[in-house]
Every structure is written in structure tokens, then in C-alpha cells.
Engineer: 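I have a structure I would like to understand better, so I am pasting it below and will then ask my questions one at a time.
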Protein chains: 2
Amino acid sequence: MARRKQAVTIRHVAAEAGVSLQTVSRVINNEANVRAETKERVQAAIDRLGYVPSIAAQRMSGSRSYLILAVNDRTRTIADWQARQGTDWVDQMMLGGMLKCAEHGYRMIFELVDTHSDHVERELGAAIAALQPDGIILTPPHSDNPQIVDFLCEHGVPFVRIGSQRQDHGIPVSMDDEGSARIATNHLIAHGHRRIGFIAGPSDYELSGWRVDGWRAAMAAAGLDTAGLLDAGDFSHASGRAAALRLLDPPERPTAIIASNDQMAVATLEVARELGLVVPDDLSIISFDNTPIVQFAQPPLTAIDQSIAATASLAVELIIASLKGDPAPDQSPPEPPQPDQLHVVPATLIPRASVAARG
Amino acid sequence: MARRKQAVTIRHVAAEAGVSLQTVSRVINNEANVRAETKERVQAAIDRLGYVPSIAAQRMSGSRSYLILAVNDRTRTIADWQARQGTDWVDQMMLGGMLKCAEHGYRMIFELVDTHSDHVERELGAAIAALQPDGIILTPPHSDNPQIVDFLCEHGVPFVRIGSQRQDHGIPVSMDDEGSARIATNHLIAHGHRRIGFIAGPSDYELSGWRVDGWRAAMAAAGLDTAGLLDAGDFSHASGRAAALRLLDPPERPTAIIASNDQMAVATLEVARELGLVVPDDLSIISFDNTPIVQFAQPPLTAIDQSIAATASLAVELIIASLKGDPAPDQSPPEPPQPDQLHVVPATLIPRASVAARG
DNA sequence: GTGAAAGCGCTAACAG
DNA sequence: CTGTTAGCGCTTTCAC
């Protein structure tokens, strides 16, 4: 195996079927201008030889790479992996994204990129140049990083922005953050709660703001005050503890708290217990993300489930769809090709045991 | 950007530096026969232009693809993802494997393959033909699937067999299954246990047998009998329940049970509770895998931790090292591991609250 | 409808 | 030490 070559190439198939290379190519790419009978003969040869086209060669000749890049935040992703707390964001992305890719003959490649770095463009640029992916999926907080978004625009690579709502560039796919927060808040209101605290996420995630908006809107709609009921963390357990402590300190403390992610929700649960509060009797808790950890909490936490798998799957579909018309978008158009509607993947509330009715 | 081309190619760099393509290529691949001054000039041009070689083109010209394929069992992996029980095998592989790949300019691509299928070869063959990876990492149960192993041998692609001990083909990397089981068993023996039950894994995983071997050896070394103390499951919760029930039925029931994975350990815990047994007072439990779930069990489970991250990292290193023979790039050879001895990644026991001393 | 050319970006094999 | 010449496997023009 000195100089590794393709075992069976398009040439072999052409010879086997007694046609030219182009004809085989046309059959592979399901193009027109091939007689049914010829097509059949070529297909038979392909099957007989077990031929599979080399994506490197396909890419070389100006065609697709059949690669889709999924970009996640390096620091947070590695931290999650090392913590071994069961955070399964990446797994759910693979479940939805990889499988959908496979359906269409694509492959998904994971890439870790730092958000807060001055060489973001170099990192991403290198990946694009090396891999030449047909599309890119951005996840929070990258989805709303203008540096990254502008860079991808210039490059003309189609990209989806998961968890974003900005329709200026790329294809945004909202995970319904505002709606989710509203659902959670209304769930508590329906259980008789009136002082509902909210622990927001960090501000470099735009979704943090949307969730606050949803909570505010639901509270306002019910004629409830939000003064002193908002705090924030950075998604870490420690920051969740601190926020919960502040929220639960005043005598007029909230009877329920919504935390913007599971780590902070579990921290809130912990703090409540330390303060002698029984969950859910003294304090109800609703969590965001619904990672495995909340099922094992005592009590199991009611949580908002935003399907990452469904979102990733949709993202892949949207990218492939955007590729369909032209083998490559002609130029980088200043305006989006399709003023499509904003895609929203609905979230659901999973009721567990951390919410109780309130007089 | 009609026909998507590389923005900046080796040609631009050559022009910029005033040298030939070949010289640039030599610099890229860190080959000899380039004057320091020339090399510097080329490198400057590369940096200035932000040039990154296209791996598709590199692959086309008979060089590497810089892709390493990580192959996992389709059915089990998807089931784990969907179950959302916190199983983080894939995450740990990425943590160890992807990061190590990145260090060397490689990329890891995940591929799901069915083991029990007559078209395994077609599946794998297609992936190999399409991607032309420089190496493949096999995980259980693929690592000991002769069909797969033989197929890869024929293809001449270097491959690592994670969790395998067979030295006939490929590079086996043992996760010390026998040793792990011995450690767990001895831990219990040291705590005074004498009737130590063992729930084995399914037989299509060779590691299942090795773990039984380790348990048997440790028991024998301590002069303990194993009659009626061995049962088996298929790694599922349900099968774990069944096995635990059978093991705990006789009046002379074991005072401790080692389960071959976390799902079955948790199932054992559940059964124990249903039988009115207190863990660890009436029954001690040790689990294999140490996925997040065991930390959240009540009580938290003492577990054997086989570092998948370390194993995947080593696997990548071994593959890249085995590639060194070829005239290909390298920056700093950090003492590549010997490719001919059996590599064993040591496992450790993580003590938690599910083991108690016994008379 | 089909086939013959001309590369894509890069590297191996030879020159000089 | 450096440059030149062929391709790698595939898809594009463009002929027929």
C-alpha cells in the first residue's frame, strides 16, 4: 500500500459498462441526458464493482465535498466533556445532524472554535480551506457572533445559525427561546405562583435575553411584578448557586425559580435544600435544556426540552436544500436569496416533580 | 464564486514567494532540501496570504487525507443517544480522539456501522472509498469482528482495535478488562466479602469474557468459590434486572455484585431496593464504565473507570505513528509508542458509597 | 444522447 | 537545493 489509490474508479466502471467516463458521471449525479437503458447498464456495473466515488476527487473537480461542518464553542464543549455531568448537546447534535446527513450522502464533521478570540477567522478559515465544506452549522454563542457571521458571508458558504433569530445573514433556526420561557412561566402561573424568579444566562448568548423576554412577557400578561426577581449566571453550577442565593435571600422570596440551564437549576435545588426549603413544597423549580442530569435530581426537575436533535436535523436539511438549485450559489448576494420565514423548532415542557401548586 | 475554488492556492504562494510550486509543497510538508532562507520566505508568504492546503487536493495527489475514521456500533450508539441517560462514550472519544487529531492536523470523522449485518463490508467499504481515511479506529464490538478486521487488512488501512487483545491484525489497545475486574473483585474481598456475584456482558463483546476471567482469577486467588455467582445480561437495564433477580433469589445470596456496565448496575440497585435490601449494608455494588449516571444514583456507585478519552487519544497517536513510515509531514516526534507491544490503558477504581465492609 | 477534451490543487518522480 | 513534468479521480465545458 505505497501510494494509496482508489481501488475501483469511474474508469473501471466506464470500461465495465462500455461507456465513457462522463456517462458514468451523469449516472452518479443523476443527471439528465442518459438513456434509461444506458443508465441501467451503468448502474449495474457500479453495483457489480462496488464502486463509490471519491469525495476528494469530486471536490477537486469543482463539485461538492459532501461535508457539513458543525461548529461548537471550544471552551464550553471541552469543559462539558471533562465534567462528565451527562451534558449531551453534542450527542443530540450527532443524533439529529449526522443521521440526516447520512440520509443524503453527506458527512458531518465537528469543529471546535473559540468565540472570544482574535483569531476566530483564522481558525474557521483554516477549516474551510482544508475541508471545503458545503455548509456550516453554527451553534450558540457562535450563531450571533458578528465576526463569524460576516466572515462566512464573505466566503459564500451557506450556513445555518442555530438558536438565532437575526435574519440578516445565513439561515436562522430559532429554538423558540422566548416561547419556551413563556411556557415555563405560564406553567408556574397556572399552578398559582405569583413571585416567579428567573436566573438568566450569560449575555454573550443572545438566547439569554430572549428567555428573559419570554418570562417578562408572561409575567406582564398575568399582571405580575418582576422587580427583584431577575438574576443571572454564566451557566455554571457556581454562578447558579450565587444567583439562587441572591434570589432567595429577601424575606419576600420567590415561590418558584426558572433557571436558564440545568447546571444552574441543580445549583438552585442545592441552595434551596441548604436554606431548609423543600422542593417543590416551598420552592418550585423549572430547568432549561433537559439534559440527563435533571432526571436524576431529587426531586426530578420539570424542564423545558428544546430538541437539539430536531434542530440539527432541520439545519442539515436547510443547508442541503439551499444547495439544491445551483451547484454553488453564484455570488455572495447582499440580500438573502430566500426571504424565508424564520424557522422555529418548538420546545415542550416536561413535567416532573419539582413544581407544586401554590395556594 | 460560481465554481467554488480555493481562494488562495499553492500557486499564489509560489508566485508571492517567487519560487516553484514544489518548493512550497516541500515547506508545507516540512521536507528536507529547502534552504532555511527560502523556507522562511515561503512561510512568510503562506502567513501573509493565509494559505491552508486543501486536503482534497492533497489526497488526490496520493498523499494523506488527514482523516481518521472512528467506527461505532450503529444500533447501540443511536439507542444511547435517544435514551438520554447520560452515556458519554462518544463524548469521551471525541475528547480524547478529536483533540489529539487536531494536535497533528488530522480530523476525526464518526461513522456508525452495524455489526450484525451481511453488508458490513459494503458499509465500511463505502466509507473508506468515499473518505479515504488515513486510519480507522474500531470500538467494541467491532474491534473483534473478524469480518471487519479481515476486510480492513485487505484494504491495507491502518487500524486500531480498541478494547481488543488479539495481536493478529491491526493495533490492539486493551482497556485492561481483566485487570479491571480483578481490581473490583479484590476491592470487595478486601472489604470482607466472600460471595461476590458477577453480571457479565453479552458474548459478542469479547471484553465480556475477559472481565469474567478477571473476576474468576481474583476469586480463585482468594480461595473463593464462584458457583452460582455468575450471570449475564446484554448491557440493557432490563437484562440487568433479570440477572440481578436471579442472582439475589437464592437464600445464600451474594453480599456484593459487580455489574459489567452502568445500566445493569443501576438495575441491580433497583432490584435490591425492591427486595428490601439496603445498599451498601446488605448488598455492595460495583459498576463498570463510570458514566455520569452512577454519580447520581442513590447511593452513588463505586465504579471502574476505563478512560475512553485516554484510549482514543492513544489510538490516534498509534495510527499517526504507524503512518510515519511514509514521507509525510511531522513537526516534533514526541516519542511515538512502540507499535508492536500490546498497549494497555490502565483502569482505576473510583470509590463511592455503594461498597461497605463485611464482617 | 453521448463522448472527447481540459483542468481542479497538490505531490511523486525526475531532472537540473 | 530547486524546478519541471506527470498525473491522482472526477466534473465541467464543449464537440459530435
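Please read all numbers here as calculations on a predicted model, not as lab measurements. Just the heavy atoms: all of them, side chains too, but no hydrogens, waters or symmetry mates, feed the values below. Quick note on labels: first sequence line is chain A, next is B, and so on, each numbered from 1.
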Engineer: Do the side-chain N or O atoms of B/Ser61 get closer than 4.0 angstrom to the phosphate oxygens (OP1, OP2) of D/dC8?
Structural biologist: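 It does not, given that no N or O in the side chain of B/Ser61 lies less than 4.0 Å from OP1 or OP2 of D/dC8.
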
Engineer: Classify B/Val24 by what it touches in the nucleic acid, base, sugar-phosphate, or nothing, heavy-atom distance under 4.0 Å.
Structural biologist: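 Nothing, no heavy atom under 4.0 Å.
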
Engineer: Are any of B/Thr23's side-chain N or O atoms less than 4.0 Å away from OP1 or OP2 of D/dG3?
Structural biologist: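 Checking D/dG3 against B/Thr23, a side-chain N or O does come within under 4.0 Å of OP1 or OP2.
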
Engineer: Measure the distance from CD1 on A/Ile28 to C1' on D/dG9 and round it to the nearest whole Å.
Structural biologist: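 To the nearest whole Å, that distance equals 10 Å.
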
Engineer: List the residues meeting salt bridge (charged side-chain N to carboxylate O under 4.0 Å, His left out) with B/Arg107, not counting sequence neighbours, and say none if there are none.
Structural biologist: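 Checked B/Arg107 against salt bridge (charged side-chain N to carboxylate O under 4.0 Å, His left out); matches are A/Glu111.
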
Engineer: Would you say the side-chain atoms of A/Glu317 pair up with the backbone N or O of A/Lys100, donor to acceptor, closer than 3.5 Å?
Structural biologist: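 The answer is no, because no donor-acceptor pair under 3.5 Å joins these two groups.
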
Engineer: With a non-hydrogen cut-off below 4.0 angstrom, is A/Gln22 in contact with a base, only sugar-phosphate, or nothing?
Structural biologist: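 Result for A/Gln22 = base.
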
Engineer: Between C/dC10 atom C1' and B/Ile46 atom CD1, what is the distance in whole Å?
Structural biologist: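 So the CD1-C1' distance, B/Ile46 to C/dC10, works out to 13 Å.
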
Engineer: Report the distance from atom CD of B/Gln58 to atom P of C/dG9, rounded to the nearest whole Å.
Structural biologist: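 Answer to the nearest Å: 13 Å.
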
Engineer: Is a side-chain donor or acceptor of A/His142 paired with a backbone partner of A/Val113 at a separation under 3.5 angstrom?
Structural biologist: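 Judged by distance alone, yes, a pair lies under 3.5 Å.
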
Engineer: Counting side-chain heavy atoms from CB outward, which of C/dT2, C/dA12, C/dG9 is closest to B/Glu31?
Structural biologist: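 Closest nucleotide among those given: C/dA12.
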
Engineer: Taking CG from B/Leu21 and P from D/dT2, how many angstroms apart are they, rounded to a whole number?
Structural biologist: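 It works out to 15 Å between those atoms.
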
Engineer: Could you check which residues of residues 7-19 of chain B get a heavy atom under 4.0 Å from DNA chain C? Sort them by number, please.
Structural biologist: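 Going residue by residue through residues 7-19 of chain B, the ones with a heavy atom under 4.0 Å of DNA chain C turn out to be B/Thr9, B/Ile10.
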
Engineer: Can you check whether B/Arg64 reaches B/Gln58 side chain to side chain, under 4.5 Å on heavy atoms?
Structural biologist: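 Not touching, per the 4.5 Å side-chain cut-off.
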
Engineer: Without decimals, in angstroms, what is the distance between B/Tyr51 OH and C/dT11 C1'?
Structural biologist: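 Taking atom C1' of C/dT11 as the reference, OH of B/Tyr51 is at 11 Å.
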
Engineer: Side chain of A/Ala57 only, heavy atoms from C-beta on: which candidate in C/dA5, D/dG9, D/dT2 is closest?
Structural biologist: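 The nucleotide sitting nearest to the side chain is D/dG9.
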
Engineer: Taking all non-hydrogen atoms of both residues, which atom of A/Asp73 and which atom of A/Pro141 are closest, and how far apart?
Structural biologist: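 Result for this residue pair: CB-CD, 3.9 Å.
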
Engineer: Among residues at least two apart in sequence or on other chains, which ones pass ring-ring contact (aromatic ring centres under 6.0 Å, His included) with A/Tyr51?
Structural biologist: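 Scan of A/Tyr51 (ring-ring contact (aromatic ring centres under 6.0 Å, His included), adjacent residues dropped) gives none.
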
Engineer: Name all residues meeting the ring-ring contact (aromatic ring centres under 6.0 Å, His included) criterion together with A/Tyr106; count only those two or more places apart in sequence or in a different chain, and write none if there are none.
Structural biologist: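 So A/Tyr106 forms a ring-ring contact (aromatic ring centres under 6.0 Å, His included) with A/Tyr66.
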
Engineer: Would you say A/Thr38 places a side-chain N or O within less than 4.0 Å of OP1 or OP2 belonging to C/dG1?
Structural biologist: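 Negative; the distance criterion is not met.
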
Engineer: Nearest 0.5 Å, please: how far is CD1 in B/Ile109 from CD1 in B/Ile137?
Structural biologist: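 B/Ile137 CD1 to B/Ile109 CD1: 12.0 Å, rounded to 0.5 Å.
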
Engineer: Output one line per pair: protein atom, nucleotide atom from nucleotides 14-16 of chain D, and distance, for all N/O pairs under 3.5 Å.
Structural biologist:
none

Engineer: Compute the bend angle of the helix from C/dG1-D/dC16 to C/dG16-D/dC1 from the end axes (five pairs per end), rounded to 10°.
Structural biologist: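 Here the local axes at opposite ends form an angle of 30°.
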
Engineer: Any side-chain heavy-atom pair from B/Ile148 and B/Val71 closer than 4.5 angstrom?
Structural biologist: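 SC-SC contact between B/Ile148 and B/Val71 ruled out.
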
Engineer: Distance check needed: D/dG9 C1' versus B/Arg59 CZ, whole Å only.
Structural biologist: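 It is 10 Å, rounded to the nearest whole Å.
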
Engineer: Determine yes or no for a side-chain-to-main-chain donor-acceptor pair under 3.5 angstrom, with A/Arg59 supplying the side chain and A/Ser65 the backbone.
Structural biologist: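 No, the answer is negative, given that no donor and acceptor are paired below the 3.5 Å cut-off.
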
Engineer: Is it true that a side-chain atom of B/Arg161 and a backbone atom of B/Ser143 form a donor plus acceptor pair closer than 3.5 Å?
Structural biologist: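 Between the backbone of B/Ser143 and the side chain of B/Arg161 there is a qualifying donor-acceptor contact (under 3.5 Å).
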
Engineer: Is a side-chain N or O of A/Arg48 found less than 3.5 angstrom from the main chain of A/Glu16, in a donor-acceptor match?
Structural biologist: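 Checked: no pair found.
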
Engineer: Rounded to the Å, how far apart are B/Gln132 CD and D/dC8 C1'?
Structural biologist: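 It works out to 10 Å between those atoms.
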
Engineer: Report the distance from atom CE of B/Met60 to atom P of D/dT11, rounded to the nearest whole Å.
Structural biologist: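 These atoms are roughly 11 Å apart.
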
